Trainee: 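Here's a structure for you.
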Amino acid sequence: MSSSRRQYPFHLIEPKWQSAWEQQQAFRAFNPGETVPVGHPFGIRHGLSGKVADRKILPEKYYILDMFPYPSGAGLHVGHPEGYTATDILARYRRACGLNVLHPMGWDSFGLPAEQYAVKTGQHPRVTTEANIANFTRQIKSLGFSYDWSRELATTDVEYFKWTQWIFLKLYNSWFNPETNKAEPIETLKYPENLQTVDDQVGRVAPRAPSSPATGSDELDSARRAYRDSKRLAYNAELPVWWCSEMGTVLANEEVIDGRSEVGNFPVVRKPLRQWVLRITAYAEKLLADLDTIDWSDSLKEMQRNWIGRSEGAEVKFQISNSESEITVFTTRPDTLFGATYMVLSPEHTLVQTITTDSQKIAVRSYQNEIAGKSDRERTDANKAKTGVFTGAYAINPVNGEKIPIWIADYVLTGYGTGAIMAVPAHDTRDFEFAKKFNLPVVQVVQPTDPKKDWQGYTDDGTAVNSGFLNDLPTPEAKAKISAWLEEKGLGKKTINYKLRDWLFSRQRYWGEPFPLIWKTDAGGDLYHEALPESSLPVLPPHLDDFRPTPGDKPQPPLGRAKEWANLTDGSTRELNTMPQWAGSCWYYLRYTDAKNSTAFVGKEADNYWMASNGKAAGVDLYVGGTEHAVLHLLYARFWHKVLFDLGYVATPEPFYKLVNQGLILGETEYTQFTTEDGNLVSAALIKDISEEATPSGPRLIGAHKTTGVKVFGQRISAELVEPKSQGTVLRNNPQIEVDARSQKMSKSRGNVVNPDDVLVEYGADAFRLYEMFMGPLQDTKPWNTKGVEGVYRFLGRAWRLFVDEKSETAFEQAETTTDPSKHAELLDLILLDGGITDMDATPAQLKTLHACIKKVTEDLEGMRFNTAISAMMVFINEAMTWQTKPLPVMKTFLQLLAPFAPHIAEELWARLHSTFGLQATSLAYAPWPKYDPALLVESEIEMPVQVNGKFRDTIKVAVAADNAAIEAAAKASEKVQVFTAGKTIKKVIIVPKRMVNLIVA
RNA sequence: GCCGGUGUGGCGAAAUGGCAGACGCACAGGACUUAAAAUCCUGGGACCUUAAAACGUCGUGCGGGUUCGAGUCCCGCCACCGGCACCA
């Protein structure tokens, strides 16, 4: 491969144009108020050269965004450029269409991956991060993306995280007002009567800064402070959190998967710890409802809905027998209250100690201990048999006064609802299992609509039975009636519950944003926290020689090692935790719109122009990235954005209007042959239950013989040993034996990672870009195939040869072999344009070919169907290769279509066309997008398929203008058709104009 | 278990309800070449028949339905991928 002749000199063309674009800052986007430099192609195109780009004269904006990468040490992966190429193509297309395109790039450089890499290499995170950014920058620039690099940012830049800290202060200094249903400055918080001061009572807004001298008593002051702190959007609380002892830090719910850390795959345990938390639950309803206003895929919206987990139901109070205490439960089925035959508390429920009877104390305590020793994974395994213990206490069912036993069981979770349930075994699967195991009564209260269905364990809607005043009501009506009844009697009320938990926002790590907070001690000796003033931002992290986390079972933030930094002269101490990875990515898209602003996180004018409505849907116009951020980044960023919106800092309620997830790129196809234990080959066609098994030497496939059931083992074999046959892929030297062919996720351990650098050396950036788009629909998962790169590379070669004179290229290649490589770029001038290209009018056939291509490419770009757009250009080239003469206007227009996809080769040929014909070469990047002329696509005669009884039999040629009678006659005249109509009567003729004819015979 | 998505040649894939398989890969044959690479040309869903073809039959995961006509719409299954999961 590497020895073969280059299709075209991409190795010279690509660097040439990349530096040309960089020099003239070709892709710089202009903000309102900026001056467009004289000679900038954007200014030339829009008549703004040398002018101040006032909002009124700027063209419409288009903000197209990539999810910025973590600059990991591993470098760019082929998955990154997939999304980046798609957005780049669209950015270039929209620019050609005349829009002011914002297309930025930056680095998500704080956080665990960057830090872990630093720990591994023993260098300071700042050093490794900078080196990694440099490498990512080199790789991304070598792909020729049209980013506005003047807006580049890294979340680790001091000038950036200063504003991350500033936004945190806004969260800290705000509360969610349920009356106005939005976040407001903490100063508007109303205190309960017993905490009110004279100021509050006369209705004045308390202007006192938290540190100003107390006017009332110290106790009142600290009680007010405690109340205020409990209402902040960023609050400090002790709560059960995920602790990862390996990493020495706490993690958010979203960062824990199946009881292990998402990063590093370490075990995590639940433990109660005092931490910083963001009140994202206050926005649960808005985060859910506003999904309906944005253009995301159904699956992605569903994932967010799932994570938010809204469920409507009722809270019901149960009196405990012979006690003052009550148990409140949450249920989505209040209509089944008559069927509640027992109650269950979670083992950690606070009432358990109080209500347990003496005779049950030992059993209850030992059950609680048993549960405490279990991992969350073991606890929540739904397949596990139910366990539980009776507390000895009873509750009164409020609807029928019956005494029902109170149990504790680990199938009731502390963290959801009230941590207690009423059990209705007849109509809840879990309660039913539990009741069967412990012989608890099962009472039917719902009759299935289908009388053949068993009512036991029936969980769907039906009709109420054995339910007193609810009898005969369908489930929805029964729900409404019982809810009203409960409310009236003061026994309960309708409620909505969410699975979403508040966002655990502190980490015990070094490589993150420090909190702009300090801790003080009040007169009573209690610790309290206070925000630093905005003027003290940025809060820089201290210098540390040892920045590694502290593994173990208690949080010991590395920042605590910097004693001088941590202890302030006034006796207060700094908050030692840092913010999580996700903080920086929550608002980077806003910073891009005004990246150099030193007085605000983003200027109003910039936000209004790039993010606001433009008379249509608001926010980032298109955001492309992987699904892995479906619930983390995308939920957090929406939350921050909504807070900033409520507080009046941004103009739109949602950040990302349209979002597309690119699909995963899998590794090259892997072939596996199977043998039995004694080494006999078995055809893959005869094997069932093929699955992957981990072995010390890596994963391998295993399966079982379809008929005998004998176990078979897979061995990876190289692609050279197999060949395709009609039945499947078989062994070259033994075609009876079919092999298994499948693709796997790229991973270091599998050794199937494709490095973009290698592909670029071999085929160039344009071919690489084109291949990633040609593989299939952007959203789909698809396997990498290096042969496929060669296919599009050949296409670019054909396009090149369509334009250049072959003899001159041979001369160029020979000159290259005898010239110093540093001078090769100059040799490009040896290559001449093909003599067949002339400035003449195109033939109707040529125009038709061109305009069909314009139409298809334009429509496919609008629909993000890059693969079919590329195939349309291939069709054009295949056709144009047969032309004797090549009209200049046709050739130029084709280059415009090609430019978004393969910008380097297109620019090069564009420049050559212009200079050869003595034309002024305007930048191809800003040349107006061609429009197709429908008139040129009209045919005088068309082919129509003829069917007989719905079966295709022949095609006929008819004039476009032919009427139905003429078409029918032509169809009947066809000999091939007559074979099937002979001797039969034609009962009906269906003619779809320009489409087909169908003759129905009997 | 629940939710979302996908299922078409040897492979990646195309197809506003109207000629299934565009385009590309791989493969086979040919031209050029001392030879190879590169390039150019040609071929191809399966089956039946055949020297080759024509004709014919079948064909978009499976079973039904709607329709003159279904890969596409509807109903019921199956498989795979992704997410959630003892969430009351």
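Values in this document were obtained by computation on a predicted structure and should not be read as measured data.
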Trainee: C1' atom, B:G83 versus B:U67: distance in rounded Å?
Mentor: 37 Å

Trainee: Is the closest basic N to carboxylate O distance between A:Glu312 and A:Lys479 below 4.0 Å?
Mentor: no

Trainee: Side chains of A:Asp431 and A:Tyr411 only: does a donor on one sit below 3.5 Å from an acceptor on the other?
Mentor: yes

Trainee: Using atom CG of A:Asp740 as one end and atom C1' of B:C80 as the other, report the distance to the nearest whole Å.
Mentor: 13 Å

Trainee: Is there a donor in the side chain of A:Asp502 and an acceptor in the side chain of A:Thr281, or the other way round, less than 3.5 Å apart?
Mentor: yes

Trainee: Check whether any side-chain heavy atom of A:Arg732 lies under 4.5 Å from a side-chain heavy atom of A:Leu721, and answer yes or no.
Mentor: no

Trainee: From CG of A:Asn253 over to P of B:C84, roughly how many Å is that when rounded to an integer?
Mentor: 12 Å

Trainee: Checking all strands, does A:Val946 fall into the base, sugar-phosphate, or nothing category for heavy-atom contacts under 4.0 angstrom?
Mentor: nothing

Trainee: How far, in whole Å, is B:G9 from B:A22 if one measures between their P atoms?
Mentor: 13 Å

Trainee: Would you indicate which nucleotide in B:U39, B:C19, B:A14 comes nearest to any side-chain atom of A:Pro777?
Mentor: B:A14

Trainee: Under 4.0 Å between any heavy atoms, over every strand shown, what does A:Thr669 touch: base, sugar-phosphate, or nothing? Just pick one.
Mentor: nothing

Trainee: Roughly, in whole Å, what's the span from CG in A:Leu500 to P in B:A85?
Mentor: 12 Å

Trainee: Restricting to side-chain contact (heavy atoms from CB on, under 4.5 Å), what partner residues turn up for A:Ser346, sequence neighbours left out?
Mentor: A:Glu348, A:His349, A:Val412, A:Thr414

Trainee: What's the NZ-C1' distance between A:Lys957 and B:C19, to the nearest Å?
Mentor: 15 Å

Trainee: Is the closest side-chain heavy-atom distance between A:Val759 and A:Trp784 below 4.5 Å?
Mentor: yes

Trainee: Treating primed atoms plus P, OP1 and OP2 as sugar-phosphate and everything else as base, which nucleotides of nucleotides 21-28 of chain B get B, S or - for protein heavy atoms under 4.0 Å?
Mentor: -BBSSS--

Trainee: Can you tell me if A:Glu809 and A:Trp800 form a side-chain donor-acceptor pair at under 3.5 Å?
Mentor: yes

Trainee: Inspect the contact between A:Glu433 and A:Lys436 and indicate whether a charged nitrogen and a carboxylate oxygen are less than 4.0 angstrom apart.
Mentor: no

Trainee: For A:Asp954, give me all partners under side-chain contact (heavy atoms from CB on, under 4.5 Å), at least two apart in sequence or on another chain.
Mentor: A:Ser974, A:Lys976, A:Val977

Trainee: Consider only side-chain N and O atoms of A:Asn661 and A:Thr627, and report whether a donor and an acceptor are under 3.5 Å apart.
Mentor: no

Trainee: Relative to the ring of A:Phe876, is the ring of A:Phe894 parallel (under 30°), tilted (30 to 60°) or perpendicular (over 60°)?
Mentor: parallel

Trainee: Just by protein heavy atoms under 4.0 Å, how would nucleotides 1-6 of chain B read 5' to 3' in B, S and -?
Mentor: --SS--

Trainee: Given the P atoms of B:G65 and B:U72, what is the spacing between them in whole Å?
Mentor: 14 Å

Trainee: Students often get this wrong, so: under 4.0 angstrom with heavy atoms, is A:Ser311 touching a base, only sugar-phosphate, or nothing?
Mentor: sugar-phosphate

Trainee: Between B:U66 and B:C48, how far is it from one C1' atom to the other, in whole Å?
Mentor: 33 Å

Trainee: Among B:A88, B:C68, B:G82, which nucleotide sits nearest the side chain of A:Asn998?
Mentor: B:C68

Trainee: For the P atoms, the ones on B:A46 and on B:G21, what distance do you get once it is rounded to whole angstrom?
Mentor: 13 Å

Trainee: When the distance from OH of A:Tyr771 to C1' of B:A13 is rounded to whole Å, what number comes out?
Mentor: 11 Å

Trainee: Evaluate the side-chain proximity of A:Leu802 to A:Met881: yes if any heavy-atom separation is below 4.5 Å, no if none is.
Mentor: yes

Trainee: Taking the P atom in each of B:G44 and B:A79, what is the distance between them to the nearest angstrom?
Mentor: 38 Å

Trainee: Does the side chain of A:Glu285 come under 3.5 Å of the side chain of A:Tyr498 through a donor N or O and an acceptor N or O?
Mentor: yes

Trainee: May I ask you to evaluate whether A:Arg995 reaches the phosphate of B:G17, defined as a side-chain N or O under 4.0 Å from OP1 or OP2?
Mentor: no

Trainee: Taking the side chain of A:Thr331 as its heavy atoms from C-beta onward, which of B:C86, B:A88, B:C68 lies nearest to it?
Mentor: B:A88

Trainee: Looking at A:Lys972 and A:Glu968, is any side-chain nitrogen of the basic one under 4.0 Å from a carboxylate oxygen of the acidic one?
Mentor: yes

Trainee: Could you check whether any side-chain heavy atom of A:Phe866 comes within less than 4.5 Å of a side-chain heavy atom of A:Glu772, counting everything from C-beta outward?
Mentor: no

Trainee: Dot-bracket for RNA chain B, please. Rules: Watson-Crick or G-U, both distances under 3.5 Å, ( ) within the strand, [ ] when a pair crosses earlier ones, | for another strand, . otherwise.
Mentor: (((((((..(((.....[....))).(((((.......))))).(((........)))..(((((..]....))))))))))))....

Trainee: Quick one: which protein N/O atoms are closer than 3.5 Å to N/O atoms of nucleotides 55-65 of chain B? Pair and distance per line, please.
Mentor:
unit_1	atom_1	unit_2	atom_2	d
B:C58	OP2	A:Lys951	NZ	3.2

Trainee: Starting at CG of A:Leu337 and ending at C1' of B:A88, how long is that distance when rounded to a whole Å?
Mentor: 14 Å

Trainee: For A:Val997 and for A:Gly419, locate the closest nucleotide of RNA chain B by heavy-atom distance; then report the residue assigned to the nucleotide nearer the 5' terminus.
Mentor: A:Val997

Trainee: For nucleotides B:A53 and B:C62, find the distance between their P atoms and express it as a whole number of Å.
Mentor: 28 Å

Trainee: Select from A:Lys856 and A:Glu943 the residue whose nearest nucleotide in RNA chain B is closer to the 5' end of that strand.
Mentor: A:Lys856

Trainee: Measure CZ/A:Arg501 against C1'/B:C84 and give the value in whole Å, please.
Mentor: 15 Å

Trainee: Considering the options A:Phe432, A:Phe434, A:Phe438, which one meets the ring-ring contact (aromatic ring centres under 6.0 Å, His included) requirement together with A:Tyr342?
Mentor: A:Phe434

Trainee: Determine the interatomic distance between P on B:A38 and the same-named atom on B:C47; round to the nearest Å.
Mentor: 30 Å

Trainee: Checking one value: the base orientation of B:G76, syn if chi is within 90 degrees of 0, otherwise anti.
Mentor: anti

Trainee: Would you indicate which nucleotide in B:C84, B:G10, B:G12 comes nearest to any side-chain atom of A:Thr729?
Mentor: B:G10

Trainee: Rounded to whole angstroms, how far apart are CD on A:Glu813 and P on B:U39?
Mentor: 12 Å

Trainee: Knowing that exactly one of A:Asp335, A:Thr331, A:Thr336 qualifies, which makes a side-chain hydrogen bond (donor to acceptor under 3.5 Å, both in side chains) with A:Arg333?
Mentor: A:Asp335

Trainee: Taking OP1 and OP2 of B:U39, is either one under 4.0 Å from a side-chain nitrogen or oxygen of A:Gln7?
Mentor: yes

Trainee: Please work out if A:Ile1000 contacts a base, only the sugar-phosphate, or nothing of the nucleic acid, heavy-atom cut-off 4.0 Å.
Mentor: sugar-phosphate

